[in-house]
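First comes the structure, then the notes that go with it.
These numbers were taken from a predicted model, which means no experiment stands behind them.
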Amino acid sequence: MRVLLVDDEEELVVTLAERLSLRDIEADWALSGEDALRIAAEKHYDLAVLDMKMPKMNGLQLKAELEKHYPKMHFIFLTGHGSEEDFEAGASETGEGYYLIKPVNIQELVAKINAAFGTGEA
């Protein structure tokens, strides 16, 4: 399973990628929607973890672009804001089970990744 992490907070995506790797989940990261599209064109990803609020292209916009080219890709949304509006937007796109509020608990993220593929519970 290969995961693409997209967030404008470099420390977060680098740390998550390292921690997922320790759990045998291959993860790459990008700091913007534009970088994510470029990276996704070079490698196949099964799932993308997208920050809801990023400059230029937010997580919902990036999801729409990725789905055009990779319709089987799964998505999990992250937000650091935790507002009701963000929650409703993320939940309506992916279902409540695929939306996390920062700081991200790695066990919870792994459980949601596994649940997206029917290999575990969220």
- [ ] Report yes if the side chains of Trp29 and Leu16 come closer than 4.5 Å at any heavy-atom pair, otherwise no.
- [x] no
Open item on the list: Quick check: do Leu12 and Val14 have side-chain heavy atoms less than 4.5 Å from each other?
Closed with: no
Task: Gap separating the CD1 atom of Ile113 from the CD1 atom of Ile25, nearest 0.5 angstrom - done: 4.5 Å
Open item on the list: Quick one, Asp51 and Asp8 - any side-chain contact, counting heavy atoms below 4.5 Å?
Closed with: yes
- [ ] Taking all non-hydrogen atoms of both residues into account, name the closest pair between Leu66 and Ala48 and its distance.
- [x] CD1-CB, 4.3 Å
TODO: Take Ile76 and Leu50, measure what side-chain contact (heavy atoms from CB on, under 4.5 Å) needs, and give me the verdict at the end.
DONE: CA-CA 6 Å; Ile76 295 172; Leu50 310 176; over 6 Å; no
Task: Side-chain touch Leu31/Val13, heavy atoms, less than 4.5 angstrom - done: yes
TODO: Locate the shortest heavy-atom distance separating Ala27 from Leu5; write the atom from each residue and the value.
DONE: CB-CD1, 4.1 Å
TODO: Find the distance between OH (Tyr70) and CZ (Phe75) and round it off to the nearest 0.5 Å.
DONE: 10.5 Å
Task: Any side-chain heavy-atom pair of Arg23 and Ile106 under 4.5 Å - done: yes
- [ ] May I ask you to decide if Glu11's main-chain N or O and Thr15's side chain share a donor-acceptor pair within less than 3.5 Å?
- [x] yes
- [ ] State, to 0.1 Å, how close Leu62 and Ala36 come at their nearest heavy-atom pair, and which atoms those are.
- [x] CD2-CB, 3.9 Å
Task: Value rounded to 0.5 Å, distance of CE in Met54 from CD in Glu9 - done: 11.0 Å
Open item on the list: With side-chain contact (heavy atoms from CB on, under 4.5 Å) as the criterion, how do Thr79 and Lys102 come out once you've worked through the C-alpha distance, each side chain's angles and the decisive distance to 0.1 Å?
Closed with: CA-CA 6 Å; Thr79 187; Lys102 297 177 195 175; 6.0 Å; no
Task: Short side-chain to backbone donor-acceptor contact, Gln61 and Asn58, under 3.5 Å - done: yes
- [ ] Quick one: pull up CG in Asn105 and NZ in Lys112 and give me the separation to the nearest 0.5 Å.
- [x] 10.0 Å
Open item on the list: Do Glu67 and Met73 have side chains that approach each other closer than 4.5 Å (heavy atoms only, starting at C-beta)?
Closed with: no
Task: Interatomic distance, Lys68 atom NZ to Leu37 atom CG [nearest 0.5 angstrom] - done: 9.5 Å
Task: Whether over 12 other heavy atoms sit under 6.0 Å from Gln107 CD - done: yes
- [ ] Over all heavy atoms of both residues, which pair between Met1 and Asp46 is shortest? Give the atoms and the distance, please.
- [x] CA-OD2, 3.2 Å
Open item on the list: What I'd like to find out is whether the side chain of Lys43 reaches to under 4.5 Å of the side chain of Leu4, using heavy atoms alone.
Closed with: no
Open item on the list: Using a strict threshold of under 4.0 Å (side-chain N to carboxylate O), is an ion pair present between Arg38 and Glu34?
Closed with: no
Open item on the list: Taking the side chain as everything from C-beta on, heavy atoms only, tell me whether Met52 gets closer than 4.5 Å to Leu60.
Closed with: yes
Open item on the list: Could you measure the distance from the NZ atom of Lys72 to the CG atom of Leu47? Nearest 0.5 Å is fine.
Closed with: 15.5 Å
Open item on the list: Show, in sequence, the C-alpha distance, side-chain angles and deciding distance for Val3 and Glu26, and conclude whether the side-chain contact (heavy atoms from CB on, under 4.5 Å) test is met.
Closed with: CA-CA 6 Å; Val3 174; Glu26 187 177 341; over 6 Å; no
